Structures are given as structure tokens and as C-alpha cells.
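Not measured: the values here are computed from a predicted model. Worth knowing before you read on, the calculation uses all heavy atoms, side chains too, and leaves out hydrogens, waters and symmetry mates.
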Amino acid sequence: MGVVTPSTDRTPKQDRSRATRRRLLEAAVACLAEHGWAGSTVSVVAERAGVSRGAAQHHFPTREDLFTAAVEYVAEERSAALRALPVQGRTAVVAALVDLYTGPLFRAALQLWVAASNEEQLRPRVIELEARVGREAHRIAIELLTADESRPGVRETVQGLLDMARGLGLANVLTDDTVRRQRVVAQWAALLDDALD
């Protein structure tokens, strides 16, 4: 009869699995932001996450599964952080919304967009993901700005803010655009005060 040895790891298997998945998602976003699509393989992500390639493929069978899930995960995390912001002055809200497009998540999403423009199997997934993320960002912006979308032009004004934020994110990819961005944020907050009040 065999001897049963008690496990020294008291963490339930499901919790370990969730933790591994989370590490993979965070590593995937970091890799996309730092190395682009071409330099971000499942092996590179697995190594960065401290797991085997097999473990990575257990959670995400394809590269496309891994990277679309990673961008979605971080977008949800960022949305949750935005939803938790207390309602505050418009300048702070505009700055928080612009921050969505100037950090590692935006860089990772941008790499995914570029890859999707050339990879047929990735394109529909990224289009659907971006539509969902865009709707959520718009909804949160309306909420944080306490904007009344029933008024003519308000929806378009808020969408213009998000489009402008995306443009600022693109400008920030190659050089640090912080100083100019701060002036633009202040100006947009003033424009929003006029348009939304």
C-alpha cells in the first residue's frame, strides 16, 4: 500500500489556476506594450509570467486567445478603477479619461490593432473587443462627467473627448507628450464645461 503524503501547498487548485491566468494576462499586456506583436510570443509571455509554455497554452490555446484576453482583462481593470473614481471636477475627469490612452494598456491595444490589420483570424476578435471597450469607455465618461445625453450634441461632444484622448495617446507613443497633453486636457475641460452645463 502506497504512502499518501499531504500537500504542503494549501492554496486550492482553482485559486492557483486563477493566479496563473492573471499573471499570464498581465505579462501579455506588458510584452505587447514593450515588444510589439512580432516580439510577443506565447513562450516569451510564459517566461515573463513564470510559468511553462504548456501551462500558458492550457489557459489560452492560441496566441490570439491570449492577447485578446489580455487586452480585455486590463481594459476591464482600468474601467473598474475609473468607475471607482469619486465624481470630481471636469479637469480631473478629463485627465483620468486621457490616462486610459497614454499608458501600457493603450500601447498594448495599439499593437493588437496593428496586428489585426494584417491577420485575418485576429481582426474580427479585435474589432468586437474594441467596440465593447469603446462603449464602456463612453458610458463611464458620460457617468463621470454627469452629462445628459438626451441634450443635442452631448453624445458627440463626449465621443469627441474620447477620440481626442486616443489621439493624445498616439502622440505619446513616440515621445513624452505630457506638457502639451496637460494644456489640452485643461482646454477640453473648459470646453466641456461650456458644452455640458
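Atom CD of Gln121 is separated from atom CD of Glu64 by 4.5 Å, given to the nearest 0.5 angstrom. Here the CG atom belonging to Leu168 is positioned 8.5 Å from the OG1 atom belonging to Thr102, to the nearest 0.5 angstrom. Rounding to the nearest 0.5 Å gives a distance of 10.5 Å between CZ of Arg63 and OG of Ser43. Expressed to the nearest 0.5 Å, how far CG of Leu161 lies from CG of Leu191 amounts to 10.0 Å. How far CG of Leu32 is from CD of Gln111: 6.5 Å, rounded to the nearest 0.5 Å. The distance from atom CZ of Arg181 to atom CE of Met164, rounded to the nearest 0.5 Å, is 10.5 Å.
In summary, Glu34 and Arg48 engage in a salt bridge, as defined by a charged side-chain N under 4.0 Å from a carboxylate O. Ion pair Arg139/Glu136 flagged as a salt bridge, since at least one NZ, NE, NH1 or NH2 atom sits closer than 4.0 Å to an Asp/Glu carboxylate oxygen. Using a 4.0 Å cut-off between a side-chain N of Lys or Arg and a carboxylate O of Asp or Glu, Arg151 and Asp148 do not qualify as a salt bridge.
Residues Val184 and Val98 share a hydrophobic cluster, clusters being chains of Ile/Leu/Val/Met/Phe/Trp/Tyr side chains in contact below 4.5 Å. Both Ile142 and Val94 are assigned to one and the same hydrophobic cluster, defined by single-linkage of ILVMFWY side chains at heavy-atom distances under 4.5 Å. The hydrophobic clustering, which links ILVMFWY residues whose side-chain heavy atoms are closer than 4.5 Å, places Trp113 and Ile127 apart. The cluster map of Ile, Leu, Val, Met, Phe, Trp and Tyr, joined by side-chain heavy atoms under 4.5 Å apart, puts Tyr73 and Leu66 in the same cluster. Both Leu162 and Leu192 sit in one connected hydrophobic cluster of ILVMFWY residues. Membership requires side-chain heavy atoms under 4.5 Å apart, directly or through other members.
Counting heavy atoms from C-beta outward, Arg90 and Leu145 have side chains that approach closer than 4.5 Å. Contact of the Arg123 side chain with the Asn118 side chain is not registered, since no non-hydrogen atoms from C-beta on lie closer than 4.5 Å. Side-chain contact between Tyr101 and Asn172 is absent, with no heavy-atom pair separated by less than 4.5 Å. Val179 is listed as a side-chain neighbour of Arg183, based on a closest heavy-atom distance under 4.5 Å.
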- Please step through side chain to side chain contact (heavy atoms under 4.5 Å, CB included) for the pair Trp37 and Leu112, ending with a clear verdict. CA-CA 7 Å; Trp37 178 255; Leu112 205 56; 3.7 Å; yes

- Query: Is there a side chain to side chain contact (heavy atoms under 4.5 Å, CB included) between Thr62 and Asp65 once you walk through the steps?
  - Reply: CA-CA 5 Å; Thr62 68; Asp65 291 336; 3.0 Å; yes

- Task: Output, in order, the C-alpha distance, side-chain angles, deciding distance and verdict of side chain to side chain contact (heavy atoms under 4.5 Å, CB included) for Leu144 and Ile140.
- Result: CA-CA 6 Å; Leu144 290 173; Ile140 290 170; 3.6 Å; yes

- Show the numbers, then the answer: is there a side chain to side chain donor-acceptor pair (under 3.5 Å) between His138 and Glu149? CA-CA 11 Å; His138 186 90; Glu149 275 193 297; 3.0 Å; yes

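Not a single salt bridge (charged side-chain N to carboxylate O under 4.0 Å, His left out) links Glu119 to another residue, sequence neighbours left out.
The backbone N or O of Gly160 sits nowhere less than 3.5 Å from a side-chain atom of Asp163 that would complete a donor-acceptor pair. Here the side chain of Arg107 pairs a donor or acceptor atom with the backbone of Val173 at under 3.5 angstrom.
The two atoms that bring Ser117 and Val114 nearest to each other are OG-O, 2.6 Å, heavy atoms only. Nearest approach of Ala141 to Leu97, heavy atoms of both residues: CB-CD1, 3.8 Å. Counting all heavy atoms, side chain and backbone alike, Phe106 lies closest to Leu100 at CB-O, 3.9 Å. What you find for Ala69 and Leu25 is that their closest heavy atoms are C-CD2, 3.6 Å. Heavy-atom minimum distance, Ala116 versus Leu122: N-CD2, 3.9 Å. Across all their heavy atoms, Ser40 and His35 have their closest contact at OG-CB, 4.1 Å.
Within a 6.0 Å sphere centred on CD of Glu47, heavy atoms belonging to other residues, nucleotides or ligands number 12 at most.
Of the candidates Arg22, Arg21, Gln14, Gln14 is the only one forming a side chain to side chain contact (heavy atoms under 4.5 Å, CB included) with Arg18.
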